[in-house]
Student: 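First, the structure itself, so that you have it in front of you.
Just so you know, residue 1 is the first one in the sequence shown, and it goes up from there.
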Amino acid sequence: MRTIAAIIAALAVATAAASPWETYKTQFGLKFSSVEEESMRRDVFESNVRTIDAHNNAGKSWTMAVNSFTHLSGTEFASTYIGGWRGPSNRVNSVDTSLLRVNAADLPATVNWV
């Protein structure tokens, strides 16, 4: 019985000692393809958490919180999730539009729709 109690106590201590990063990854089911990527994501996460804490400690009228995007930089988030109007495009239309230009004089005066 003492062994079971010791195991439960050890698990409780280990769970309580989990880092915010490990808790975050577990909460949002995150897995990374390499140690380097995880390290970079952790750095971004920790930087964002410092930003969140600084904002919340500044006494603003609204608060920030950790969410499923906290491991993304602002640039990554914007390029992935923010859409909407992006201004005029300088693309060249590759579709042949010559058929769209019609001279009204070439059209018949009447049309039999039957």
Student: Tell me which pairs pass side-chain hydrogen bond (donor to acceptor under 3.5 Å, both in side chains) where either residue lies in residues 54-63, with sequence neighbours left out.
Tutor: none

Student: Show me the donor-acceptor pairs, under 3.5 Å and distance only, between side chains in residues 69-76 and residues at least two apart or in other chains.
Tutor:
| unit_1 | atom_1 | unit_2 | atom_2 | d |
| --- | --- | --- | --- | --- |
| Thr70 | OG1 | Asn67 | N | 2.8 |
| Thr70 | OG1 | Asn67 | O | 2.9 |
| His71 | ND1 | Tyr24 | OH | 2.8 |
| His71 | ND1 | Ser68 | O | 3.4 |
| Ser73 | OG | Glu76 | N | 3.1 |
| Ser73 | OG | Glu76 | OE1 | 3.3 |
| Glu76 | OE1 | Arg41 | NH1 | 2.7 |
| Glu76 | OE1 | Ser73 | N | 2.9 |
| Glu76 | OE2 | Arg41 | NH1 | 2.9 |
| Glu76 | OE2 | Arg41 | NH2 | 2.8 |

Student: Taking only residues two or more places apart in sequence, or in another chain, which ones meet Glu46 in a side-chain hydrogen bond (donor to acceptor under 3.5 Å, both in side chains)?
Tutor: Arg42

Student: List in chain and number order the residues that pass side chain to side chain contact (heavy atoms under 4.5 Å, CB included) with Ser33, two or more places apart in sequence or in another chain; answer none if no residue qualifies.
Tutor: Glu37

Student: Honestly curious: do Phe32 and Phe77 fall in one hydrophobic cluster under the side-chain, below-4.5 Å linking rule?
Tutor: no

Student: Evaluate Lys25 against Glu38 for salt bridge (Lys or Arg N to Asp or Glu O under 4.0 Å), listing each step before the verdict.
Tutor: CA-CA 10 Å; Lys25 286 192 323 179; Glu38 179 161 349; 2.5 Å; yes

Student: Can you pull the salt bridge (charged side-chain N to carboxylate O under 4.0 Å, His left out) pairs that have at least one residue in residues 49-58, sequence neighbours excluded?
Tutor: none

Student: In the hydrophobic clustering (ILVMFWY, side-chain contacts below 4.5 Å, transitive), which residues join Val102, or is it alone?
Tutor: Leu107

Student: So which residues get pulled into Met40's cluster when ILVMFWY side chains under 4.5 Å apart are joined, directly or through others?
Tutor: Val44

Student: Report yes or no: does Thr26 contribute a side-chain atom to a donor-acceptor pair with the main-chain N or O of Glu22 at less than 3.5 Å?
Tutor: yes

Student: Got a sec, which residues hit side chain to side chain contact (heavy atoms under 4.5 Å, CB included) with Val111, two or more places apart in sequence or on another chain?
Tutor: Pro108, Trp113

Student: Side chains of Val66 and Phe45: closer than 4.5 Å at any heavy-atom pair?
Tutor: yes

Student: Can you run down the salt bridge (charged side-chain N to carboxylate O under 4.0 Å, His left out) pairs that involve residues 103-114, sequence neighbours left out, and say none if there aren't any?
Tutor: none

